[in-house]
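Right, one structure below, let's go through it.
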Amino acid sequence: MSQLNCLNGLSVRPVGRAVASRLGMTRRDWRRANLVIPAVLLGVLLSWAGRVGAQAPPASAEPAAPAPAVRPAPEELTEAIARLDAAASSRNLRDVMRLFSRNFTHADGLTYDTLSTALQRFWQPYRSLSYQTVLDSWERDGNALIANTTTTITGTRDINGRIVTLNSVLSTRQRYENGRIVSQSVLSERTEVSSGDFPPSVQVQLPAQVLVGQSFDFDVIVQEPLGDRLLLGAAIEEPVNAEGYLSAAPLNLELLSAGGLFKTGQAPALPSDRWITGVLVREDGIVQHTRRLQVVDDPSLITTPPSAPRRRLPRLR
């Protein structure tokens, strides 16, 4: 995976020692910040179940409309989803893999063996994990069952005495045959990882799909006033493939001249999925947000309206 070079943003400059000192970073922290920060693609690893526990929606004066009812699903399907949630939450790899066919295929290139390896690496550092899945829709295809699901994954881990919180929401489609998942594709994905006393609250703007060769905006906007605090950030784009589940990409932090990341990218010439990640570091917390961008060659596949015009924030003083 190569570092993002197609996203061009506002003027930035590399992190220096004086900046690091103001942020309370040690010499070791400063060196690590300029060398590598793993791209967090954690939630994707268990996307077979769809999305996991979503973040609480913002308060609204109007009550939320009830979700459309899903016609009763076969017991074998609901039981399989419940077993996956329970086994994944308890990190029981043996029970999880029993629900996958040995011939399992994934649109991202994962196989039965690479999925098992990726899960082990993902689970290992977490002190707690929770998986919650909702069945969005289902249908029969001969003797097979096709399920669209939404899964929420939440978890915490400890990195050098700092608590890191994970919240990932995924939508996927699975094909079940004889009670096992034989194939899967990810429909949408967002993962947020945060740490610190008051990690930045952010608004993320990225289209769900773009046409091949089309330019797109990726904005990660801090919602709180910055005042005289410094803000570091970086963005990276990676192709979605099996290798991305098993390795981390380098990410160089830079001193931002505005209250967030404002990047413009260029979609590749061929249809594919991309991981787009933004990281923001402030003296009181860190947030890292990853979303999946689908690059398509058919305008009828674009399901989201064009993004709103960019909101430019005041420059740091």
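Computed from heavy atoms alone, side chains included, the values below leave out hydrogens, waters and symmetry copies.
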[X] side chain vs [Y] backbone, donor-acceptor pair below 3.5 Å:
| X | Y | value |
| --- | --- | --- |
| R180 | R98 | yes |
| R121 | A118 | no |
| S89 | A86 | no |
| Q205 | F262 | no |
| Q209 | T303 | yes |
| N148 | D136 | no |

Would [X] end up clustered with [Y] when hydrophobic side chains under 4.5 Å apart are linked, directly or stepwise?
| X | Y | answer |
| --- | --- | --- |
| I276 | V212 | yes |
| L187 | V295 | no |
| V182 | L135 | no |
| F100 | I146 | no |

Original post:
Do D113 and T111 have side-chain N/O donor and acceptor atoms under 3.5 Å apart?
Top reply: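 On atom types as modelled, these side chains do not qualify, holding no pair under 3.5 Å.
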
**OP:** Scan side-chain atoms only and decide if T277 and E238 contain a donor-acceptor pair under the 3.5 Å cut-off.
**Re:**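 Not at all, the side chains of T277 and E238 share no donor-acceptor pair under 3.5 Å.
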
If we only count heavy atoms from C-beta on, is the [X] to [Y] side-chain gap below 4.5 Å?
| X | Y | result |
| --- | --- | --- |
| L119 | M97 | yes |
| L84 | V96 | yes |
| L115 | H106 | no |
| I81 | Y176 | yes |
| Q184 | L110 | no |
| D284 | E224 | no |
| V287 | E192 | yes |

For [X], which residues count as a side-chain hydrogen bond (donor to acceptor under 3.5 Å, both in side chains) partner, sequence neighbours excluded?
| X | answer |
| --- | --- |
| D197 | none |
| S116 | none |
| D297 | none |
| R274 | E237 |

Could you report the tightest heavy-atom contact between [X] and [Y], atom names first, then the distance?
| X | Y | answer |
| --- | --- | --- |
| Q266 | S215 | OE1-CB, 3.8 Å |
| F218 | G278 | CZ-N, 3.7 Å |
| A267 | V210 | CB-CG2, 3.7 Å |
| L226 | G259 | CD1-CA, 3.5 Å |
| L261 | L256 | CD2-CD2, 3.8 Å |
| G179 | L99 | O-CD2, 4.1 Å |

[X] side, atom [atom1]; [Y] side, atom [atom2] - distance, nearest 0.5 Å:
| X | Y | atom1 | atom2 | answer |
| --- | --- | --- | --- | --- |
| N178 | N143 | CG | CG | 7.5 Å |
| Q174 | T149 | CD | OG1 | 3.5 Å |
| I302 | L211 | CD1 | CG | 4.5 Å |
| R83 | N92 | CZ | CG | 12.5 Å |
| I286 | S195 | CD1 | OG | 5.5 Å |
| H289 | L280 | NE2 | CG | 11.0 Å |

Who are the side chain to side chain contact (heavy atoms under 4.5 Å, CB included) partners of [X], not counting sequence neighbours?
| X | result |
| --- | --- |
| T156 | R127, S128, I163, T165 |
| N103 | S101 |
| L129 | R91, F122, W123, Y126, Y131, I153, L166 |
| R140 | P74, E76, W138, L145 |

**OP:** Using the test salt bridge (Lys or Arg N to Asp or Glu O under 4.0 Å), find all partners of E139 that sit at least two apart in sequence or belong to another chain.
**Re:** none

Original post:
Listed by chain and number, what are the salt bridge (Lys or Arg N to Asp or Glu O under 4.0 Å) partners of D141, not counting sequence neighbours?
Top reply: R175

Original post:
When you look at I221 and Q223, which way does the side-chain contact (heavy atoms from CB on, under 4.5 Å) test go after all the steps?
Top reply: CA-CA 6 Å; I221 306 167; Q223 299 298 286; 4.1 Å; yes

